[in-house]
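Just below is one structure, and these are the notes that go with it.
Both backbone and side-chain heavy atoms feed into the values below; hydrogens, waters and symmetry mates do not. Numbers restart at 1 for each chain; the letters A, B, ... are given by sequence-line order, proteins then strands.
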Protein chains: 2
Amino acid sequence: MRIGELSRKSGVSIRMLRFYEAHGLLTPSRTASGYRDYGPDEEEAVIRITLLRAAGMTVPVIRDFLPCALEARGAFEPCDALRMTVRRQIGRVDDRIDSLKRSRAALEAILVQLTLPETRAPAS
Amino acid sequence: MRIGELSRKSGVSIRMLRFYEAHGLLTPSRTASGYRDYGPDEEEAVIRITLLRAAGMTVPVIRDFLPCALEARGAFEPCDALRMTVRRQIGRVDDRIDSLKRSRAALEAILVQLTLPETRAPAS
DNA sequence: ATAGACCGTGACAGCGCTGTCAGGGTCAAG
DNA sequence: CTTGACCCTGACAGCGCTGTCACGGTCTAT
């Protein structure tokens with residue numbers, strides 16, 4: 001499949017598919033005329049990349065991470081380090097969720113304050 | 001209080017305090033020699049700004065928002081619009097939290113997959 | 001063979017900050 | 001009166017993408 005089709009399927013822009021490739025996340029084969037040719041493997045990889053990115057992982061980190069995530073056998077040592085990376089990332093995600101929850105609460109408080117301004121000067 | 005002290009107190013860098021001012025979020029008075037002079041009001045404002053920013057609001061949005069948040073009386077119409085803004089922002093925060101929860105789950109799944117690669121080839 | 005959709009590369013711009021540096025005043029203490 | 005900490009402005013750089021443009025080749029169908 002060519003880049004346009006994959007883009008439509010995955011929801012990832014053509015620009016970003018090329019960007020991923022430039023950073024070593026994807027390595028599609030090429031047709032005789034130089035067009036990128038993506039297979040089912042690349043399609044799955046894009047899905048994973050999207051997930052990892054939604055979790056806040058940067059492209060360079062995913063680059064180290066992806067080969068291990070795609071096939072877990074044969075790369076014991078790196079995967080050890082990558083398990084750590086993933087655990088740390090989970091921690092960061094948790095922190096971020098907490099932070100957002102606190103922000104949410106703050107926004108709610110502000111909303112109440114905007115809606116009931118009288119409470120500020122009850123008996124003047 | 002001068003900028004360095006406020007920076008230390010608030011945890012916001014000097015750079016950002018000046019940046020906020022440049023964008024109309026803060027308007028400290030100046031000493032005769034041109035130094036910024038922050039009062040308790042500005043100090044509180046910085047706290048609010050930090051909260052709103054943690055909720056994902058951009059500086060321009062906060063700029064419209066802050067006067068209303070600081071004193072709710074005398075600006076009925078804008079506050080109406082701003083209530084909407086806050087509600088929408090709460091929605092965005094909720095979406096983001098959901099997205100992060102999904103990402104978290106995906107990371108957990110990957111972690112399991114990294115930890116138990118045998119499940120891939122149970123009986124070869 | 002020619003239009004129009006699609007692909008290639010490379011480079012530049014913009015987002016919303018955030019740091020840092022340059023060049024130059026201000027102030028309190030010794 | 002000098003030192004060192006602090007402040008001023010303005011400008012440039014970098015983060016990690018993401019869009020867009022320019023210029024040119026490829027493919028499909030008529």
Side-chain angles (χ1 to χ4, degrees), chain A residues 1-39 42-43 45-46 48-66 85 89 92-93 96 99-100 103, chain B residues 1-39 42-43 45-46 48-66 85 89 92-93 96 99-100 103:
Chain A
M1 147 187 29
R2 290 186 305 185
I3 199 167
E5 189 181 347
L6 180 56
S7 174
R8 257 166 274 134
K9 274 194 185 177
S10 64
V12 176
S13 73
I14 291 177
R15 179 69 179 85
M16 289 313 296
L17 290 174
R18 295 204 267 241
F19 181 78
Y20 290 163
E21 181 178 352
H23 288 260
L25 270 62
L26 253 33
T27 44
S29 52
R30 300 288 184 126
T31 68
S33 58
Y35 286 12
R36 288 171 182 81
D37 186 25
Y38 299 91
E42 273 88 15
E43 203 174 335
V46 171
R48 283 179 193 264
I49 291 168
T50 303
L51 277 173
L52 294 174
R53 275 179 44 72
M57 295 178 88
T58 66
V59 163
V61 172
I62 296 174
R63 182 201 175 329
D64 298 338
F65 178 74
L66 209 57
T85 301
Q89 189 61 31
R92 276 195 285 262
V93 169
R96 187 80 188 108
S99 164
L100 283 176
S103 298
Chain B
M1 141 188 31
R2 291 185 306 185
I3 199 169
E5 190 182 345
L6 179 57
S7 174
R8 257 166 274 136
K9 274 194 187 178
S10 64
V12 176
S13 74
I14 290 176
R15 179 70 178 84
M16 289 313 296
L17 290 175
R18 295 205 267 241
F19 181 77
Y20 290 163
E21 181 177 353
H23 288 260
L25 271 61
L26 254 31
T27 45
S29 52
R30 298 290 183 126
T31 68
S33 58
Y35 286 12
R36 288 172 182 81
D37 188 24
Y38 297 92
E42 273 88 14
E43 204 174 334
V46 170
R48 282 179 194 265
I49 291 168
T50 303
L51 278 172
L52 294 173
R53 275 178 43 72
M57 295 179 88
T58 66
V59 163
V61 173
I62 296 175
R63 181 200 175 331
D64 298 338
F65 176 74
L66 209 57
T85 301
Q89 188 61 30
R92 274 195 287 262
V93 169
R96 187 80 188 108
S99 164
L100 283 176
S103 298

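D:dC7 atom C1' lies 16 Å from atom CE of B:Met1, rounded to whole Å. Following rounding to the nearest Å, A:Met16 (CE) and D:dG16 (P) show an atom-to-atom distance of 12 Å. In this structure, B:Asp37 places its CG atom 15 Å from C1' of D:dC8, rounding to the nearest Å. Atom CE in B:Met57 sits roughly 11 Å away from atom P in C:dC17 (whole-Å rounding). Between B:Glu5 atom CD and C:dA28 atom C1' there is a gap of 15 Å when expressed in whole angstrom units. One interatomic measurement links the two molecules: OH of B:Tyr35 to C1' of C:dA28, which rounds to 11 Å at whole-angstrom precision. Here the P atom of nucleotide C:dT9 and the CG atom of A:Leu17 are 13 Å apart, to the nearest Å. Rounded to whole angstrom, the span from the CD atom of B:Glu21 across to the C1' atom of D:dT9 amounts to 12 Å.
Of the two residues contacting DNA chain C, namely B:Ala32 and A:Ser33, the nearest-nucleotide position lying further toward the 5' end is that of A:Ser33. Map B:Ile14 and A:Arg2 each onto its nearest nucleotide of DNA chain D; the residue landing nearer the 5' end is B:Ile14.
Closest to the A:Phe19 side chain, of the nucleotides D:dC6, C:dG8, D:dT18, is D:dT18. When each of D:dC27, D:dC7, C:dT9 is scored by its nearest atom to the side-chain atoms of A:Arg36, the top-ranked nucleotide is C:dT9. The listed nucleotides are C:dG19, D:dC7, D:dC17; the one nearest the side chain of A:Val59 is D:dC17.
Between D:dA5 and B:Arg8, no contact under 4.0 Å exists linking OP1 or OP2 to a side-chain N or O.
A:Arg18 comes within contact range of at least one nucleobase, with a heavy-atom separation under 4.0 Å. Here B:Thr31 lies out of heavy-atom contact (under 4.0 Å) with every strand.
Under 3.5 Å, the side chain of A:Arg15 and the base of D:dT20 form at least one donor-acceptor pair of N or O atoms.
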